[in-house]
Amino acid sequence: RVLLGTDAIGGDVLGQMLWACRLSISIGLVSTGISVLIGVTMGAIMGYFGGKVDMVLFRIVEIFMAVPVLFLLIVAAGVLPRDTYVMMAIIGCVSWTGAARFTRAEFLKLRRQDFVQGAQAAGLPLRSVLFRHMLPSGVTPVLVDASFAVAAAIIAEATLSFLGVGVPPTRPSLGTLIRVGNDFLFSGEWWMT
């Protein structure tokens with residue numbers, strides 16, 4: 001007995017949905033990890049140094065924020081090979097601006113704290129001051145943003161797959177299942193969607 005029925009070629013819809021959820025969650029987690037890594041690094045550098053370094057790097061952040069993400073994703077997915085790992089990298093490389101802004105704001109606040117000035121006075125290397133002393137104190141907003149970024153990455157992947165430029169068509173994706181289910185929507189088999 002098949003709970004959600006079968007598609008046009010006899011494939012189990014529930015099995016495809018479970019496989020698509022597994023794929024979407026992995027894309028969401030990996031692409032968010034990439035975006036957090038890029039964003040925290042950029043934000044830490046901007047917030048720690050301030051001044052001209054902050055101004056130049058924040059203009060780069062603003063340039064990335066000015067480009068429509070969906071348009072950039074469609075263009076990148078259309079030009080680059082259709083692969084799950086490429087999809088993860090594309091989504092991760094265009095969605096790092098939120099993490100960079102949150103990290104920058106926290107580091108601007110933390111750089112004048114006594115424990116940071118004490119670490120600098122002790123002669124610790126920059127990497128240690130940034131990522132061992134400052135980051136644990138300023139990571140909370142980034143973690144909250146990362147939880148929303150996972151959902152946004154899943155939606156971005158589903159949108160690209162719905163449009164036909166996402167993951168390869170041989171792998172079931174939530175967007176692909178919705179696109180295929182639209183054919184059955186008005187024929188009385190609404191549960192396919």
Side-chain angles (χ1 to χ4, degrees), residues 21-77 79-81 83-160 166-167:
C21 286
R22 177 184 159 286
L23 177 69
S24 293
I25 290 171
S26 66
I27 287 175
L29 290 175
V30 171
S31 62
T32 300
I34 293 170
S35 70
V36 165
L37 182 70
I38 295 170
V40 164
T41 304
M42 287 284 287
I45 293 170
M46 287 187 298
Y48 180 79
F49 288 110
K52 290 184 181 181
V53 172
D54 179 37
M55 185 181 70
V56 169
L57 291 179
F58 201 72
R59 293 308 160 273
I60 294 171
V61 171
E62 288 175 340
I63 289 169
F64 270 89
M65 289 173 55
V67 177
V69 174
L70 183 60
F71 177 72
L72 186 61
L73 287 173
I74 291 171
V75 169
V79 172
L80 297 172
D83 184 38
T84 306
Y85 300 110
V86 172
M87 183 65 51
M88 292 174 185
I90 291 170
I91 294 172
C93 288
V94 300
S95 61
W96 56 270
T97 57
R101 288 182 13 229
F102 284 127
T103 307
R104 173 188 175 266
E106 288 296 315
F107 275 49
L108 282 172
K109 182 174 68 173
L110 289 173
R111 72 180 180 166
R112 298 293 176 221
Q113 297 289 326
D114 290 337
F115 71 94
V116 174
Q117 291 180 351
Q120 292 169 340
L124 293 177
L126 176 63
R127 180 177 41 90
S128 177
V129 172
L130 288 177
F131 298 112
R132 194 162 193 216
H133 295 282
M134 292 178 76
L135 186 61
S137 298
V139 77
T140 307
V142 176
L143 293 178
V144 173
D145 181 56
S147 66
F148 291 115
V150 171
I154 290 172
I155 291 173
E157 182 273 325
T159 302
L160 291 175
V167 296

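The salt bridge (Lys or Arg N to Asp or Glu O under 4.0 Å) pairs that include a residue from residues 41-51 number zero, where partners must be two or more places apart or lie in different chains. For the salt bridge (Lys or Arg N to Asp or Glu O under 4.0 Å) condition, the pairs that include at least one residue of residues 107-121, sequence neighbours left out, are Glu106-Lys109. Screening residues 33-56 for salt bridge (Lys or Arg N to Asp or Glu O under 4.0 Å) gives Asp54-Arg104 as the qualifying pairs, with residues at least two apart or on separate chains.
Atom CD1 of residue Ile90 and atom CG of residue Leu80 lie 4.5 Å apart, to the nearest 0.5 angstrom. A distance of 6.5 Å separates CE of Met88 from CG of Leu23, quoted to the nearest 0.5 Å. Taking CG of Leu135 as the start and CG of Leu130 as the end, the distance is 8.5 Å to the nearest 0.5 Å. Atom CD of Gln117 is separated from atom NE2 of His133 by 13.5 Å, given to the nearest 0.5 angstrom. Separation of atoms CD1 (Ile91) and CG (Leu72) is listed at 11.0 Å; rounding is to 0.5 Å. The OH atom of Tyr48 sits 5.5 Å away from the CG atom of Leu126 when rounded to the nearest 0.5 Å.
Remark: Arg59 CZ is packed, more than 12 non-hydrogen atoms of other residues, nucleotides or ligands lying under 6.0 Å away. The environment of OH in Tyr85 is sparse: at most 12 heavy-atom neighbours from other residues, nucleotides or ligands sit within 6.0 Å.
A 4.5 Å side-chain heavy-atom check between Trp96 and Val61 finds at least one atom pair inside the cut-off. Considering only heavy atoms from C-beta on, Val69 stays 4.5 Å or farther from Ser95 through its side chain.
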**OP:** Would you check, one step at a time, whether the test side chain to side chain contact (heavy atoms under 4.5 Å, CB included) holds for Ile34 with Val30?
**Re:** CA-CA 6 Å; Ile34 293 170; Val30 171; 4.2 Å; yes

Subject >> Residues Ile154, Ile27; criterion side chain to side chain contact (heavy atoms under 4.5 Å, CB included); working and verdict >> reply: CA-CA 7 Å; Ile154 290 172; Ile27 287 175; over 6 Å; no

Original post:
Going through the checks in order, is the side chain to side chain contact (heavy atoms under 4.5 Å, CB included) test met by Phe107 and Val116?
Top reply: CA-CA 10 Å; Phe107 275 49; Val116 174; over 6 Å; no

**OP:** Begin from the C-alpha positions of Phe102 and Val40 and carry the test side chain to side chain contact (heavy atoms under 4.5 Å, CB included) through to its verdict.
**Re:** CA-CA 8 Å; Phe102 284 127; Val40 164; over 6 Å; no

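Across all non-hydrogen atoms, the minimal contact from Leu73 to Ala156 is CD1-CB, 3.8 Å. Minimum interatomic distance between Ala99 and Asp145 (heavy atoms only, all atoms of both residues): N-OD2, 3.4 Å. Of all heavy-atom pairs spanning Thr103 and Ala44, the tightest one is CG2-N, 3.6 Å. Nearest approach of Phe58 to Met46, heavy atoms of both residues: N-SD, 3.5 Å. When all heavy atoms of Leu110 and Phe115 are compared, the closest pair comes out as CD2-CZ, 4.2 Å. Taking each heavy atom of Thr32 and Ala153 in turn, the nearest pair found is OG1-CB, 4.3 Å.
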